[in-house]
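Below is one structure, written out as C-alpha cells; the observations come after it.
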Amino acid sequence: MKPPHIATIAIDCPLRKGFDYLIPKEMRSSSLLPGTRVLVSFGRRAVTGIVLDTKHHSDFPEHKLKPIQSRLDETPVLDEHLMQLGHFTARYYAHPIGETLMTMLPVLLRDGAPAKRKQNFCYRLLPQADLTTLRTNAKSQLALITHLKQGELTPQAIKDHNLSTSALRSLQDKGLVEKVVRDACAKLSPSALQPPLHLNPEQASALKALTQSLDAFAPFLLYGVTGSGKTEVYLQIINKVIKQGKQALVLVPEITLTPQTLRRFESRIDGTIVSLHSGMNNTERLNHWLMAKTHEADVVIGTRSALFTPFANLGIIIIDEEHDASFKQQEGLRYHARDLSIIRAKELAIPVILGTATPSLETYANVQKGKYTELALSQRAGAASLPRFHLIDTRSKKLHQGLSLDLLTQMQKHLDKDQQVLLFLNRRGYAPSLICFSCGTLAGCPQCDARLTYHKRKNHLICHHCGYTMPQPKQCTKCGSEHLQTLGQGTERIEETLQAHFPGVDIIRIDRDSTRRKDSMQKHLDKIHQGGKKILVGTQMLAKGHHFPGVSLVGILNADHGLLCPDFRAPERIGQLLLQVAGRAGRADIPGEVFVQTVQPTNPLFHLLFQQDYSRFLQTLLQERQEVGWPPFSALALIRAESVQLTDAQHSLLTIKELCESHLPTHCVLLGPIPASIARVSNRFRVQLLLQAPSRQTLQACLPHLIQAMTQSKIKRNVRLSVDVDPMEVA
Ligand code: ADP
Ligand code: ZN
Ligand code: ZN
C-alpha cells in the first residue's frame with residue numbers, strides 16, 4: 001500500500017480541530033509519526049505544528065491543501081503515551097487540541113528549536129586544589145567549596161542553591177575550580193550520600209506497601225501530619241525505583257521547591273536529579289526535559305507543568321502537598337496536575353503517592369470509596385510533638401491594632417525564652433481600606449469593583465486585583481474633606497505595631513511585597529534559620545512547606561475572613577490553612593502552641609480542627625457537601641464570559657444556556673448567568689454560568705453540547721469565553 005500523503009496537524013490556535021496538510025513526496029519515505037513537529041504555513045505565518053495522524057483521504061479538496069514546509073523532528077517529541085495523555089487532557093478540559101499539546105512542550109520546542117541538548121558545562125574542584133589558601137571569612141567561596149566537594153555543579157545547580165557567581169569567578173581565578181564541558185553532571189559520589197534513616201513502624205509499613213505495588217497502577221494517600229516523615233518515605237521508595245532501573249517524578253507546589261528541598265533530595269537520592277520550574281531559563285528547561293526523556297536523569301522534581309515531562313521509563317509519581325491549589329492551572333488550559341497524574345499513572349501501570357497533612361475532600365472521598373489506599377503516619381518523626389490549640393474570643397476584647405492583649409502576653413513569654421513567634425495574616429499592605437470620615441466614602445479602584453489597599457512604605461493606594469496604583473490622596477475624591485483614615489490591618493501595619501511593642505526584637509515580614517526582589521525570600525529564610533528570638537509576620541507564603549524549627553508559638557490574626565467567604569470550598573480551605581500554619585510550630589523538641597483570634601469562638605469548625613482529628617473534620621465536611629450536592633458528590637464546569645459591557649457578557653451566556661439546555665442529560669443543570677463575586681476587574685465585567693452534573697462522567701457527556709452551543713451562538717467579538725472544568729473557585 002502507498003504511504004499516506006495527508007497529515008492532520010495540531011496548531012497552537014483556539015480552533016478545536018486539527019488541520020490537513022499534504023505530505024511532500026520526499027517526506028513520505030520515513031513515516032511521520034504522531035507527536036512529530038513540523039513547520040507549516042498557517043494564515044500568513046509559518047508555525048510549529050504537531051502531527052496528530054496521517055491518512056489517505058481528506059474531507060477537503062486536495063488541490064486546496066498546502067504542503068508541510070519541513071519536518072522538525074526525526075522521532076516524535078511527544079511519544080505515544082504523552083499524545084494519548086494530550087488527547088485525554090484536551091477532551092476532559094474541553095480545550096483545543098493544538099493549544100493543549102503546545103502547553104505540554106517546553107517553550108523552545110514550541111518555537112521550533114531542535115530537540116537537542118544545548119551543550120552543558122559544569123564546574124568542578126581541581127583534584128590538586130590547595131584549599132588552605134582560602135580565608136575563613138570568605139563565606140560565599142567556602143559555601144561553594146562545600147558543594148563542590150560533593151560533586152560537580154551545573155550553572156542551574158548554582159542558581160538553585162543560591163550560590164554566588166562572583167565567588168565562583170574568584171575561585172576560578174585562584175585556580176581552584178575549573179569549567180568542564182559535560183553532557184550531564186557527575187552525580188554525587190556514593191560516599192557523599194547520606195544514609196537512610198531508620199524508619200518508625202508506620203513509615204516502615206508505608207514503605208512496604210509501596211514496595212509491593214511498584215509494578216502496577218496503585219494510588220496511595222500518604223496521610224501524615226507535618227513533620228511525620230513523609231519526605232523520608234518518598235526518598236526511600238525513590239531509591240528503590242531507581243534500583244529497578246526506573247525513573248521518578250515528584251511534583252511540589254512552587255513555594256516549596258526551595259534550594260533546601262533540592263539539597264535534601266540530592267544528598268539522599270542515588271541518581272541524577274533535575275528540576276523543572278518557572279525560575280529556570282528556557283535552555284535549562286529544555287535540557288532537563290530532554291534528560292528525562294533520554295533517561296540521563298533519574299528523578300525530576302518540578303512544579304505543576306512538570307507533569308507533562310517525557311520519561312524513558314517512569315516508575316512512580318509523587319505529588320507532595322496534594323491538596324495545594326497551585327496544582328490547578330487557572331488560565332489557558334485549566335488542568336489539575338494531581339488529577340492528571342492519576343490518569344498518567346494508570347496508563348503506565350505505576351503507583352502514585354499523594355502526600356499531605358490535610359487531604360483534599362476529593363482525595364479523601366476516593367479513599368473512602370476504596371479507590372485509593374490510605375497510608376497513615378500519625379506521629380511526628382523523632383522527638384517533636386503536635387502543637388496545642390487555643391481560641392482567643394475577640395468579641396469582648398479591645399484589640400491593639402488587631403492584636404489582643406492575650407496574644408501579646410503569650411508572645412512575650414515565648415520570646416523571653418529565646419524562641420520564635422510566627423504571626424499569620426492573609427492580607428498584605430498596610431491597611432485594606434481608606435475611608436473619608438466626613439462622608440463615609442471608601443477609596444475604590446476606578447477599574448474594578450474593589451477597594452484600594454493602602455501601602456505605607458510606598459505611600460500608595462494599590463488595587464490587588466488589577467495592579468492599579470495611585471499616590472495616597474490628600475482629600476476625599478467625593479467631598480474634598482481631608483479627614484481620611486486607614487481602616488483595618490495588613491502585614492505592613494502589624495510589622496510596624498510589633499516594632500513599637502517589642503523594641504530590639506528582629507521582625508521578619510514575608511509577603512509578596514517583601515519578597516519581590518530575587519533572592520529576598522532566601523535571605524529572609526536564612527535569617528530565620530539562624531535561630532534566636534524573632535517574630536515572623538506573613539501571609540500564606542509563610543504558611544506552606546517551610547520548616548521553622550525555632551518557632552514555638554503561632555498566632556492566627558484573622559481566621560474569620562475565610563469563614564465569611566461565599567465559596568463552597570471555603571471551610572475546607574480554612575481547615576487546610578490553619579493546620580498548615582500550625583504545622584510550622586514545635587517541629588523540634590519545643591512543644592508548639594497555636595492561638596487563634598476569632599469573633600466566632602463557637603464555630604463548630606474550630607472545635608473539629610482543634611481536636612487534632614483532621615479525618616473527623618473531613619467526614620463532617622463531606623457530609624455537608626453530600627447534603628447540598630457539591631463536589632465530590634457532583635461535578636462542575638464553570639463557563640466564564642468577560643466583556644467591557646455587562647450586558648454583552650450576560651447575553652452571550654444566556655444564548656449558550658438556551659442553545660444547550662435541552663440537550664443535557666437529566667439531573668444536569670445550568671445555573672446562572674450571574675456576575676462573579678467581584679463583577680468588574682480591569683474594566684471588564686465577568687459573568688459566569690455553572691454547569692452541575694451528578695458525576696464526572698455525566699459532566700463529560702455534557703461538554704460537547706456546551707462547546708457546540710459556544711460555537712453556534714453568535715458571540716460578539718468583544719466577549720471572551722472560557723470553560724473551567726473542575727473549577728477551584730466558583731464564587
Ligand atoms: P514531612 O515530609 O512529613 O514534613 P519529613 O520527612 O521532612 O516530614 O521529616 C520531618 C523531620 O523528621 C526531618 O527532620 C526528618 O529528618 C526527621 N525524620 C523523618 N523520619 C525519621 C525517622 N524515621 N527517624 C528520625 N527522624 C526522622
Ligand atoms: Zn468624603
Ligand atoms: Zn483594580
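All values derive from a computational prediction rather than experimental measurement. Just so it is clear, the values below take in all heavy atoms, side chains as well, and ignore hydrogens, waters and symmetry mates. Note that ligands are numbered from 1 as they come in the structure, with each ligand's atoms numbered from 1 the same way.
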Legend entry - Under-2.8 Å neighbours of the Zn ion (ligand 3), protein N/O/S atoms only: 4
Using a 4.0 Å cut-off to any heavy atom of [X], which atoms of ligand 1 qualify?
X: Asn200; result: 23 (N)
X: Lys230; result: 1 (P), 2 (O), 3 (O), 6 (O), 8 (O)
X: Gly229; result: 1 (P), 3 (O), 5 (P), 6 (O), 8 (O), 9 (O), 19 (C)

Legend entry - Smallest separation among heavy atoms of Glu266 and Leu193, with atom names: O-CD2, 3.7 Å
Legend entry - Angle subtended at the Zn ion (ligand 2) by SG of Cys439 and SG of Cys436, nearest 10°: 110°
Legend entry - Pairwise distance CD(Gln650) to OG1(Thr647) - rounded to 0.5 angstrom: 7.0 Å
Inset, instruction - Using 2.8 Å as a strict upper limit, say whether an N, O or S atom of His483 approaches the Zn ion (ligand 2) that closely. - result: no
Inset, instruction - Check Leu197 against ligand 1 and report side chain, backbone, both or neither, counting heavy atoms closer than 4.0 Å. - result: side chain
Inset, instruction - Could you tell me whether ligand 1 has any atom less than 4.0 Å away from a heavy atom of Gly227? - result: yes
Inset, instruction - Kindly identify the option in Arg264, His198, Arg268 whose heavy atom sits closest to atom 6 (O) of ligand 1. - result: Arg264
Inset, instruction - Determine the interplanar angle of the Phe595 and His390 rings, folded into 0 to 90°, and report it as parallel if under 30°, tilted if 30 to 60°, perpendicular if over 60°. - result: parallel
Inset, instruction - Measure up the Phe389 and Phe610 rings against each other and bin them: parallel (under 30°), tilted (30 to 60°), perpendicular (over 60°). - result: parallel
Presence of salt bridge, [Y] and [X], under 4.0 angstrom:
X: Glu254; Y: Arg304; value: no
X: Arg573; Y: Asp567; value: yes
X: Lys456; Y: Glu492; value: no
X: Arg640; Y: Asp724; value: yes

Legend entry - is_close_aromatic(His288, His277), centroid dist under 6.0 Å: no
Inset, instruction - Could you name each residue pair satisfying ring-ring contact (aromatic ring centres under 6.0 Å, His included) that touches residues 252-272, not counting sequence neighbours? - result: none
